[in-house]
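Each chain gets a letter, A, B and so on, in the order the sequences are listed, and its residues count up from 1.
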Protein chains: 2
Amino acid sequence: MLRLSKLTDYAIVVLARLGHAQCGGRVAAVPELALASGLAEPTVAKVLKILAQSGLVEGLRGARGGYKLARKLEDIPLSEVIQAFEGPIALTACVDGGHGGCESEGCCPVRGRWDPVNRAIRDALAGVTVAQLANTPPARQCAAPALTF
Amino acid sequence: MLRLSKLTDYAIVVLARLGHAQCGGRVAAVPELALASGLAEPTVAKVLKILAQSGLVEGLRGARGGYKLARKLEDIPLSEVIQAFEGPIALTACVDGGHGGCESEGCCPVRGRWDPVNRAIRDALAGVTVAQLANTPPARQCAAPALTF
DNA sequence: TCAAATAGGACTTTTGGCGTCCGGTTTCCA
DNA sequence: TGGAAACCGGACGCCAAAAGTCCTATTTGA
């Protein structure tokens, strides 16, 4: 299934909700986002912590704090979100510049040939933005927030 | 890391070795392939069983039996190998025509938007053959087998 | 008839994802 | 100035899926 981790999946949803909430420049706190996305609070908190560490969202501490997007959703490529949660985008660990991780490194006939495949996948994921995944055309959403939520 | 399972990884290596061994029309048995690839025999056996079930290799039973490629390596796209071991190529389970698997199906803002992403990745993987991954130009390999092994 | 080899399934072990929780720090407001 | 609200960072335990192994049945050639 080539599956993304659940946290990555949640991250897309949370980012989308954050985009919703942020139209007026407000910041959104974890409980609010958890409620809106239907996820548990500790899970949403974990997702946002990772997103903050990778610079995709910005955390504001203290009372009346919360999170806000560091960039607009249409400026966040999917590849960056995936990299934040899954590390470098590559199908196998044995390439990617790594050495010593594979016990049959010397005799492996496939060694070093995955790079074009990995690059193709990276490009595919870099060409999609979170805004495209989330069904949130920014103009309409901000014009009529009461309707979309 | 978007990681493939180890079995998928092994499958590429085993297919490459099978391509090596098969130049003279011979079949290769599990112990031989395990030795050549540096993997444990039970593991290689498991890999080949799955490959046989998906029609990528053909198993010949009985004494002097073994496995042979159902197609040439250059006719086996990477996507088919991955599908044999990982199932349909898609980054998330919630799309792909599936219903009922996601508890927040009704309110998920990302629903149904992964299809272009999945398609792009499928195309990327379908455009690479096992022969390209394995460093085995068929002509030279069969002309001088003593050198390549 | 025996040995060699695949076919198919079941079983155990192990790994890593996942969810949760806690203590610490920062900031706002009364 | 004190308390509440919120983020920050890390650690812990559970559990499902992967991974590896093994066993038995079946087939085939010498």
Side-chain angles (χ1 to χ4, degrees), chain A residues 1-11 13-14 18 21 26-35 37-70 82 84-87 92-93 101-103, chain B residues 1-11 13-14 18 21 26-35 37-70 82 84-87 91-93 101-104:
Chain A
M1 178 67 78
L2 212 59
R3 156 128 120 299
L4 295 179
S5 76
K6 285 194 178 185
L7 285 186
T8 310
D9 213 349
Y10 297 160
V13 177
V14 169
L18 201 49
R26 292 188 305 112
V27 301
V30 168
E32 173 188 349
L33 289 170
L35 197 65
S37 56
L39 301 171
E41 281 193 26
T43 303
V44 173
K46 188 174 199 172
V47 166
L48 285 167
K49 274 185 272 190
I50 297 174
L51 286 173
Q53 282 177 340
S54 51
L56 292 173
V57 304
E58 190 180 342
L60 305 175
R61 304 177 73 159
R64 305 283 183 192
Y67 288 94
K68 65 175 190 177
L69 293 172
I82 294 179
F85 286 85
E86 325 249 348
T92 53
C102 180
E103 65 274 6
Chain B
M1 179 66 81
L2 213 61
R3 157 129 121 296
L4 296 178
S5 76
K6 284 194 180 185
L7 286 186
T8 311
D9 213 350
Y10 298 159
V13 177
V14 169
L18 201 49
R26 293 189 305 114
V27 300
V30 168
E32 173 188 350
L33 290 171
L35 198 64
S37 55
L39 301 171
E41 281 193 26
T43 302
V44 173
K46 191 176 196 171
V47 166
L48 284 166
K49 275 185 270 192
I50 295 175
L51 286 172
Q53 282 176 339
S54 51
L56 293 174
V57 304
E58 189 179 341
L60 305 174
R61 303 175 72 158
R64 304 283 183 194
Y67 289 94
K68 65 176 189 178
L69 293 172
I82 293 179
F85 286 85
E86 323 249 350
L91 287 182
T92 55
C102 180
E103 64 273 9
S104 53

Would you classify Leu60(A) as touching base, sugar-phosphate or nothing, given that sugar-phosphate means primed atoms plus P, OP1 and OP2, and contacts are heavy atoms under 4.0 Å?
sugar-phosphate
Report all side-chain donor-acceptor pairs from residues 42-54 of chain B shorter than 3.5 Å, counting only partners two or more places apart or in another chain.
{"unit_1": "Ser54(B)", "atom_1": "OG", "unit_2": "Ile50(B)", "atom_2": "O", "d": "3.0"}
{"unit_1": "Ser54(B)", "atom_1": "OG", "unit_2": "Leu51(B)", "atom_2": "O", "d": "3.1"}

Determine yes or no for a side-chain-to-main-chain donor-acceptor pair under 3.5 angstrom, with Thr8(B) supplying the side chain and Leu4(B) the backbone.
no
Taking all non-hydrogen atoms of both residues, which atom of [X] and which atom of [Y] are closest, and how far apart?
X	Y	value
Gly65(B)	Val27(B)	O-CG2, 3.6 Å
Leu60(A)	Lys68(A)	CD1-CD, 4.4 Å
Arg26(A)	Ala21(A)	NH2-O, 3.1 Å
Ala11(B)	Phe85(B)	CB-CE1, 3.4 Å

How would you summarise protein contacts on nucleotides 10-21 of chain D per nucleotide, using B for base, S for sugar-phosphate only and - for none, with heavy-atom distances below 4.0 Å?
B--------BBB
According to the Watson-Crick and G-U wobble definition with distances under 3.5 Å, which dot-bracket string, read 5' to 3', encodes DNA chain D, using [ ] for crossing pairs and | for pairs with another strand?
||||||||||||||||||||||||||||||
Only counting residues at least two apart or in another chain, list the ones meeting side-chain contact (heavy atoms from CB on, under 4.5 Å) with Lys6(B).
Tyr10(B)
Chain A contact limits on DNA chain C, taken 5' to 3' with a cut-off of 4.0 angstrom to heavy atoms
dC18(C) to dC28(C)
What protein N or O atoms touch nucleotides 2-5 of chain D N or O atoms at under 3.5 angstrom, if any, and at what distances?
{"unit_1": "dA5(D)", "atom_1": "N3", "unit_2": "Ala63(A)", "atom_2": "N", "d": "3.4"}

Nearest-0.5 Å distance that lies between atom OG in Ser5(B) and atom CD1 in Ile82(B):
9.5 Å
Determine, for Glu86(B) against Arg3(B), whether the closest basic-nitrogen to carboxylate-oxygen distance falls under 4.0 angstrom.
no
